[in-house]
Every structure is written in structure tokens, then in C-alpha cells.
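In what follows, a structure is listed as C-alpha cells, so that the remarks can point back to it.
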Amino acid sequence: MDFMQLESDLIVELGQKTHTKDIFFTSNNNHADLSTNALFILSKHMKKSPKDIFEQIKTKINNKYIKDITMSKNGFLNFHLHDNFLHDGLKNIIDDKNTFEKNNIKVNVEFVSANPTGPLHYGNARSVYGDSLANILRFAGYNTTKEYYVNDAGNQINILADSVFSEYLKLQNLPSLELEEQYKGSYISDIAQEIYKNDSEKWDKNNYKEHFKSFSMKYIIEIIKEDLLSVGIKHDEWVFESDIICKVSEAFEILRNKDLIYEGKLGTIHSKKGEESHQTLTLFRSSKFEDSEDRALTKPDGSNTYFANDIGYFYDKIKRDFKWMIVVLGADHDGYIKRLQNAVLNLADDIKLDIKTCQVVLFKQNGENIKISKRSGNALGLREAVEGIGKDMFRFLMLSKSLDTHYTVNTDQIVELSMENPFYYLQYAHARIHSMFNAHNKELDFNFSLDSLTESMCSLLKILLDFRKCIKSITRTLEVHKMTHYLTSIAEKFHSIWNEGKMDPEKRWILQQNEKYTNDRMVLAHSVKKTITQAMNLLGIKPYDSL
RNA sequence: GCGCUCUUAGCUCAGCUGGAUAGAGCAAUAGCCUUCUAAGCUACAGGUCAUAGGUUCGAAUCCUAUAGAGCGUGCCA
């Protein structure tokens, strides 16, 4: 038993099935143990006053956990709970019953998916969001896969190969290539040296391309994997663009049958160099679905655009039986969302696609914003960004803000920041509980009663009983930061109780003279620790036993 | 020009599907350690929720307009 369960039971008892999605409950407010707006909603649909509905419903509700139902002056329905609700709730936490049933819905969470052309930089800071979201969905019962999509078929990889080859030539004191665009980070020469060490002077301009492409890419993917590990991320699947290209035509077939693909011309298109082209291309009828224009699937040279390959990729996901696809992109891909959605949702029925964009996290150094530029090679690396603050706090920082926040981290203050961070507030709560169990290292008797609990301890327990509601809310909104705020509310209550104990010895967790009370309170402490640990694990943050 | 995101306390941010008196942390002020960790707690203070309209029993939340900030606006990925 917890609030999620109680609320869904109550909705059934309210006898309303049609408008349940507008009805919501709040617990732990000043007015009651549990409140709902149900009367407003029902009154709207039944064309009766809230008062009449209240009279009608009042007698119908016969729930063993509800002690009392009242209606507030302004029309809220307020419930007061029996103590057995808290008792059964606590028992459920101890017995590991506050979890979710497994369902068979396959969810694909794709995140990071940076081009394998260099180490991850701070622009990928928010990738921890996808990781934690996937953890939470898995906990909520979904069959969840964390996926990384590798764009290994695009032009960027050619530029990468050329950049490395150019360095390779330099190593031999040969004239390097004249490149319009190139990657310049130190890893480029590392790769060139590696190749030179392996193959000596085997490669020249006639045969280097394929080998340099695949070697460099593999090398960089290993770097990326380590970068990801530095923030605690490990993907389940790595899918390569080159492997799914074969799916593109199959996907196109479906769209063609719906008359969504045609051969035609777009308006005047300006290429990067300002040249204009009026060629006939293969186009996707995106404007049919609230996009500003139709979108090209082929380039003038006949090859596929990345959009075309992405359609193939999502078709591949559908073929792998994913019913819910979540994609986390940077805000710079914003203009891309509509066409992708329009295309993918037309590939199959009964699929759900959520494309989340995260606003860039800016890093400030010496008072100036650091620019992201992978090619110049001077962007702050993700690993360097993490090193200063540590994986756990880094994740907490990134996860505690909404994705839509334009969040700025000042690297000059990172060290100072560590002392004024809510992260420690949370860890401190966990550490305190840990120390309590050092002081009281007796076996707990789980045959407890709530008689010993103070009022504050009961409110803490109520927060614990909101855990599944929090999870459920995240599966609906995909807003992971709710979890950090939930954790903070537990920590807050816990610290507050702790200090009540300083003022009044009767309100401490451990009572020297009363073993029974101590045991019962420690049972609660045990479940607090359990919930914190569980929630932090979902966020990928390690709870500290001491600070 | 157009599209997306944002604007809430001095600063950084919450505010759940429109709900009751808009909340935390940091900073500021005043208290609390013979005690399981004072990296904590309590009290006080701080707000025309960018601005102006609209929708309704009810708006920080939804709609429209305006102002400001960020990002995007290749047949690059």
C-alpha cells in the first residue's frame, strides 16, 4: 500500500471512469492527508454543484484506510487516513512491494549518439539524463534498452579519415593534405601515430581511405566509451548507420504507399558556398504535417541525406519491436524534430515516439563562455569537466535541472560550488542514517508498531509512500529532475527530525531506555535508507556512508 | 524574417494534469553543539511570477500580442 495504490482505489470508488485523467491528488498538504480536485471535475461533467456531488459520494466510499472525508469551503475533497495506512505502507517498503509489475512493452532510449569523430565534450553533459531516464523506465516495468546510434556513414567520417591521414603524412615528413575542414584535437595525431606504429609506411593516398576510416572510428569509439563511463553511462546497444542503410528502401516503400514521398524540386536552395541548385530530388511530404516545407531525402549527387538514413534507422527500431522510442537530442537539432516525427509515425501504427531536446549546458571559464567546437579540438572535454567535481555530483547537478533550463556551470567556481551544493545535503542525510546503524547494530524486529513515531516521522513516512507516484509521474512527463527534488524532500525532513532530537531527547531515533521504541523507529530509518538508496541508484549516484 | 526553448526572491533553480497561503538552496539577519556527524536545524527577511490583454468557479501554469536572452533556420550530422 502507498499513495499511488490508494489513489487508484479511490478513483474506482468515486465511481468515475471517464474523467480520471483530470482528477489528481495531493498528499502531505496542510489541509489533509490526501486531497483531490475530483469534485470540481465531476461537477463540470455532471452539471451538479460540488456540494451535491459530495453528499452523493460521501457514503459510497468505503475504504479501510480512510477515516474521514470532508469537503473544504472552496470545494476540495479532503481525506484523513487511518494509521493502518502508514503501517501497511511501511510494511510494503520493507517487503519490497513498492515496485512495479513487469510489462512487455519494449522501450528504446537513444541518447548521446555523438558522431565518432572525437572525444565527448561538455556539450554532452546532459547525456546522463537519458541514462537515468532509462533506469527509471526499467524500474517502472518497461523492457528498456539504452542505445547509441553511430553515424559512421556520413561525410564527417571522411573528414576524420583525411585529418588523420594528413597527420600520418606529417609523421613521415611528407607534405600534409590541404583540407577545407579538419579535426585538430591531439587525439588525431595519437591515432596517426598508432597507425604508423602498426603499419609503418604502408598507406598512401590511393589506399588509405577505408582503413583510416574504420581504424579511427574504432579508436574514437573506445574513447567515447571511456568518456561515458566517467559519468557512469553504459549503453546496451551500439547501432551503426552503415548496418541499417539496407533498411532505408523498405521504409521508403511504406511512405511511398502513403504518397508521402515524391520526386520534385524545392525552392531555391543555397548550399554552404552560396551556390544555388534546382535539381529534382526525392522529397518527403513533411509540410502535410505542420512542417514549414517538404524535406529532401537525397542530395544532388543521388546519395541519401542523413534524414533518409534516420528513417531507415527508426524503421529498424520498429522492426526490433520497440513500441516506445525515446530520443534525446541537443537543442541544436530542434528544427529536425518535426520531420522526423512526421516520418517515423507514418511507418507503423501503435508506436509512441518522444523526442526530447535538452538546452545546452554552458560552461564558463575565466568569465567567458567556452565555445563548442570539436574540429578545433579545444572544447572542454566531458571527462575533464567531470574530473573537477566527481561523477556523482556531476550527475546530480545535471539531473536536478529541467532539460529546458539554459543552465550555466562556472568552471572557475566548481570547487567552491562543491561546498554549497544540495548534493551534500542529500548525501549527509544518508551518511547520518548510516552512522545511526553503526550506533545501533542490533538485528531489527520487523514486527513493529507506529506508536513510537513522532509526528515528523509520520510525515517522513508519508513522503516515502510517494515514491511510486514520483516514478509514475516521471514515466509520464519524462522529467527526471523530479527525482532529485523528491530525494531532497526526504533529506529535508530527515535533517529536521534529527534536530528535533537535539532539542528533545524523546524525539531521537535511538532511545537508550526504550528498546521497543528504538527498534520501531529504526525500522522506519531502515526504509528511509532503502528508499534513498533505491532512488539514487536510479539516478546513477552512489550513496555515501560518510562525507 | 521564421521556428523552438526560456524569463518566478539579490544569485542558481523547483512549482506535478489549471487548484487552497507561489517554494528550496546559496547569500543576508538572529538563535541552537556536555547529545546518534553543526556539511545540520529553527526563526526572521526577501515576490506587481518579464509586460499587457483574454479564456473560467479559479491562471505562475492554457491562448494572443509585446519586450528581452539562448539555440536553430544546408540538399551537414
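In the text below, chain A, chain B and the rest are named by the order of the sequence lines, each starting its count at 1. Worth saying up front: this structure is predicted, and the values here are computed from it rather than measured.
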inquiry  = Regarding A:Lys516 and A:Asp520, does a basic nitrogen lie under 4.0 Å from an acidic carboxylate oxygen?
reply    =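 Result for this pair is yes, salt bridge flagged.
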inquiry  = Taking A:Arg295 first and then A:Glu293, would you say they form a salt bridge - that is, a charged N and a carboxylate O separated by under 4.0 Å?
reply    = yes
Side-chain N or O of [X] closer than 4.0 Å to phosphate OP1/OP2 of [N]:
| X | N | answer |
| --- | --- | --- |
| A:Thr405 | B:A14 | yes |
| A:Lys472 | B:C16 | no |
| A:Lys502 | B:A38 | yes |
| A:Lys401 | B:U5 | no |
| A:Arg432 | B:A38 | yes |

message = With syn defined as a glycosidic angle within 90° of 0 and anti as the rest, where does B:C33 land?
response = syn
task = Just label B:G40 as syn or anti from its O4'-C1'-N9-C4 or O4'-C1'-N1-C2 angle, using within 90° of 0 for syn.
result = anti
Nucleotide [N], atom [atom2] - distance to [atom1] of [X] in whole Å:
| X | N | atom1 | atom2 | answer |
| --- | --- | --- | --- | --- |
| A:Phe396 | B:A24 | CZ | C1' | 11 Å |
| A:Asn155 | B:G74 | CG | P | 17 Å |
| A:Leu403 | B:C71 | CG | C1' | 15 Å |
| A:Lys482 | B:C13 | NZ | C1' | 14 Å |
| A:Asn115 | B:C76 | CG | C1' | 9 Å |
| A:Asp504 | B:C36 | CG | C1' | 15 Å |
| A:Lys507 | B:C41 | NZ | C1' | 13 Å |
| A:Ile497 | B:C36 | CD1 | C1' | 14 Å |

remark   = Closest non-hydrogen contact found for A:Phe307 with A:Ala296 is CD2-O, 3.8 Å
Gap in Å between the two [atom1] atoms, one belonging to [N] and one to [M], rounded:
| N | M | atom1 | value |
| --- | --- | --- | --- |
| B:A27 | B:U12 | C1' | 11 Å |
| B:U55 | B:U73 | P | 39 Å |
| B:C11 | B:A28 | P | 15 Å |
| B:G18 | B:G58 | C1' | 8 Å |
| B:U29 | B:A65 | C1' | 43 Å |
| B:A9 | B:G47 | C1' | 6 Å |
| B:C26 | B:U42 | P | 12 Å |
| B:U64 | B:C71 | C1' | 24 Å |

Classify the side chain of [X] and the base of [N] as holding, or not holding, a donor-acceptor pair under 3.5 Å.
| X | N | answer |
| --- | --- | --- |
| A:Asp152 | B:A77 | no |
| A:Tyr424 | B:A39 | no |
| A:Thr305 | B:A77 | no |

Mate of [N] where both pairing distances stay under 3.5 Å, Watson-Crick or G-U:
| N | answer |
| --- | --- |
| B:C62 | B:G54 |
| B:G74 | none |
| B:G18 | none |
| B:G68 | B:C6 |
| B:C36 | none |

query = When the ring centroid of A:Phe3 is compared with that of A:Phe25, is the distance short of 6.0 Å?
reply = no
Is atom [atom1] of [X] surrounded by more than 12 heavy atoms (other residues, nucleotides or ligands) closer than 6.0 Å?
| X | atom1 | result |
| --- | --- | --- |
| A:Glu55 | CD | yes |
| A:Lys51 | NZ | no |
| A:Glu263 | CD | yes |
| A:Lys530 | NZ | yes |

Measure from the side-chain heavy atoms of [X] and tell me the nearest of [options].
| X | options | result |
| --- | --- | --- |
| A:Ser496 | B:C4, B:U17, B:C41 | B:C41 |
| A:Asn499 | B:G40, B:C36, B:A39 | B:G40 |
| A:Phe24 | B:U17, B:A77, B:U5 | B:U17 |
| A:His495 | B:A77, B:A20, B:C41 | B:C41 |
| A:Trp509 | B:C36, B:U17, B:G3 | B:C36 |
| A:Tyr425 | B:C75, B:U17, B:C41 | B:C41 |
| A:Glu479 | B:G15, B:A14, B:U5 | B:G15 |
| A:Asp332 | B:G72, B:A77, B:A20 | B:G72 |
| A:His481 | B:C36, B:C71, B:A14 | B:A14 |
| A:Met503 | B:C32, B:C76, B:G3 | B:C32 |

Indicate, with a heavy-atom threshold strictly under 4.0 Å, whether [X] touches base, sugar-phosphate, or nothing.
| X | answer |
| --- | --- |
| A:Thr357 | nothing |
| A:Arg295 | nothing |
| A:Ser35 | base |
| A:Ala429 | nothing |

query = Does the A:Ser35 side chain pair with the main chain of A:Ala32, one donor and one acceptor, at a distance under 3.5 Å?
reply = no
ask   = Can you give one letter per nucleotide of nucleotides 55-60 of chain B, 5' to 3': B if a protein heavy atom sits under 4.0 Å from the base, S if only from the sugar-phosphate, - if neither?
value = --BB--
message = Can you list everything that forms a side chain to side chain donor-acceptor pair (under 3.5 Å) with A:Gln341? Sequence neighbours excluded, please.
response = none
key: side chain to side chain donor-acceptor pair (under 3.5 Å) involving A:Lys247 - partner list, sequence neighbours excluded   = A:Asp316
task = Give a yes-or-no answer on whether the side chains of A:Asn309 and A:Glu241 include a donor-acceptor pair shorter than 3.5 Å.
result = yes
remark   = Of A:Ser72 and A:Gly335, the one whose nearest nucleotide on RNA chain B sits closer to the 5' end is A:Ser72
